[in-house]
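Inspection log for the structure reproduced underneath, given as structure tokens.
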Amino acid sequence: MKNYTQVYVKNSFEAADVYCRAFGAQITLEMKNNDGTAYEHCVLSVNGEGFLALAEARNPCDVAFVHKMKWETMTFNAFEMGSEEAVRNALDVLSDGGVVLEPIHELPWSSCCATVIDKFGVCWWVSI
């Protein structure tokens, strides 16, 4: 069995680009809506393995409210990223227009990790 997450966001083309830059991912499957303005379904892969699926949200999300309240309903854990540089890159990319909940720090189970809610309202925990 395999499992990876899917996010529903506004501006799905931009989100795919942001997540590719943050995680070194590539788009391995893309299905656009009829007018070609958004993803119905898009799969991002890292090293040939499915990492994240995304699609255009049908319902609006008040991202400003999510940022203001630092509202976490779910957090996506991107771990075993390989290096502190990879964690810092992900945090830099995801925090552009987002809100950092926990800057880079050390925990007993991770020498380098951080938590951020990105500009699309998705919460990420990134770790070495």
Side-chain angles (χ1 to χ4, degrees):
M1 177 188 318
K2 291 190 176 188
N3 180 36
Y4 57 86
T5 54
Q6 179 159 335
V7 294
Y8 294 88
V9 297
K10 290 295 183 186
N11 303 313
S12 55
F13 288 165
E14 179 185 8
D17 177 64
V18 166
Y19 298 147
C20 283
R21 289 187 293 116
F23 300 109
Q26 289 104 20
I27 296 172
T28 52
L29 176 68
E30 57 183 348
M31 298 176 198
K32 297 176 182 173
N33 62 7
N34 289 338
D35 58 3
T37 59
Y39 286 122
E40 288 287 331
H41 186 70
C42 178
V43 175
L44 306 181
S45 296
V46 175
N47 299 324
E49 289 286 325
F51 169 73
L52 178 72
L54 63 97
E56 190 73 19
R58 299 189 199 291
N59 298 314
C61 174
D62 186 348
V63 175
F65 177 79
V66 171
H67 286 169
K68 179 180 177 189
M69 301 306 292
K70 296 179 174 60
W71 187 17
E72 301 169 76
T73 58
M74 178 183 297
T75 299
F76 297 112
N77 295 337
F79 55 96
E80 295 183 10
M81 294 183 68
S83 69
E84 186 174 321
E85 180 182 338
V87 173
R88 288 188 184 283
N89 176 69
L91 181 62
D92 287 346
V93 172
L94 296 171
S95 65
D96 183 15
V99 174
V100 175
L101 300 182
E102 297 177 322
I104 290 182
H105 62 289
E106 188 174 323
L107 293 170
W109 56 90
S110 176
S111 62
C112 177
C113 60
T115 306
V116 59
I117 300 174
D118 69 25
K119 70 191 304 178
F120 308 103
V122 178
C123 187
W124 295 93
W125 180 74
V126 292
S127 174
I128 203 165

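Residue indices begin at 1 and follow the sequence shown.
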Whether [X] side chain and [Y] backbone form a donor-acceptor pair below 3.5 Å:
X	Y	answer
His105	Cys113	yes
Ser83	Ala86	yes
His67	Asp118	yes
Glu56	Ser12	yes
Asn89	Arg21	yes

Could you grab the distance from atom [atom1] of [X] to atom [atom2] of [Y], nearest 0.5 Å is fine?
X	Y	atom1	atom2	result
Leu91	Cys112	CG	SG	9.0 Å
Ile128	Ile104	CD1	CD1	9.5 Å
Tyr19	Glu14	OH	CD	9.5 Å

If you compare all heavy atoms of [X] against all heavy atoms of [Y], which two are closest, and at what distance to 0.1 Å?
X	Y	result
Leu44	Ala16	CD1-O, 4.2 Å
Val9	Ala15	CG2-CB, 3.6 Å
Asp35	Thr37	OD1-OG1, 2.8 Å
Ala57	Lys10	O-NZ, 2.8 Å
Ser111	Glu106	CA-CG, 3.7 Å

Quiz item: Do Tyr8 and Asn59 have a side chain donor and acceptor closer than 3.5 Å?
Solution: no
Check the pair Lys70, Val99 against side-chain contact (heavy atoms from CB on, under 4.5 Å), reporting the backbone distance first and the verdict last. CA-CA 8 Å; Lys70 296 179 174 60; Val99 174; 4.2 Å; yes
Spell out, yes or no, whether [X] and [Y] are grouped together once hydrophobic residues are joined by side-chain heavy atoms under 4.5 Å, including indirect joins.
X	Y	answer
Leu101	Met69	yes
Val87	Val18	yes
Val63	Leu54	no
Leu52	Phe23	yes
Met74	Val7	yes

Please work out whether the ring planes of [X] and [Y] are parallel, tilted or perpendicular, with thresholds of 30° and 60°.
X	Y	answer
Trp71	Phe65	perpendicular
Trp124	Phe76	tilted
Phe13	Tyr39	perpendicular

field: Output field: ring centroids Phe79/Trp109 closer than 6.0 Å
entry: no
Determine whether Val116 and Val126 make a side-chain contact, defined as any pair of heavy atoms from C-beta on separated by less than 4.5 Å.
-> no
Practice item. Go through the steps to decide whether Glu30 and His41 satisfy the test side-chain contact (heavy atoms from CB on, under 4.5 Å), and finish with yes or no. Key: CA-CA 6 Å; Glu30 57 183 348; His41 186 70; over 6 Å; no
Assess whether side-chain contact (heavy atoms from CB on, under 4.5 Å) is satisfied between Ile27 and Cys42, documenting all intermediate values. CA-CA 7 Å; Ile27 296 172; Cys42 178; 3.8 Å; yes
Basic-acidic side-chain contact under 4.0 Å: Asp92, Arg88:
no
Should we count CD of Glu40 as having more than 12 external heavy atoms under 6.0 Å?
yes
* Heavy atoms from other residues, nucleotides or ligands near CG of Asn77 exceed 12 (cutoff 6.0 Å) -> yes
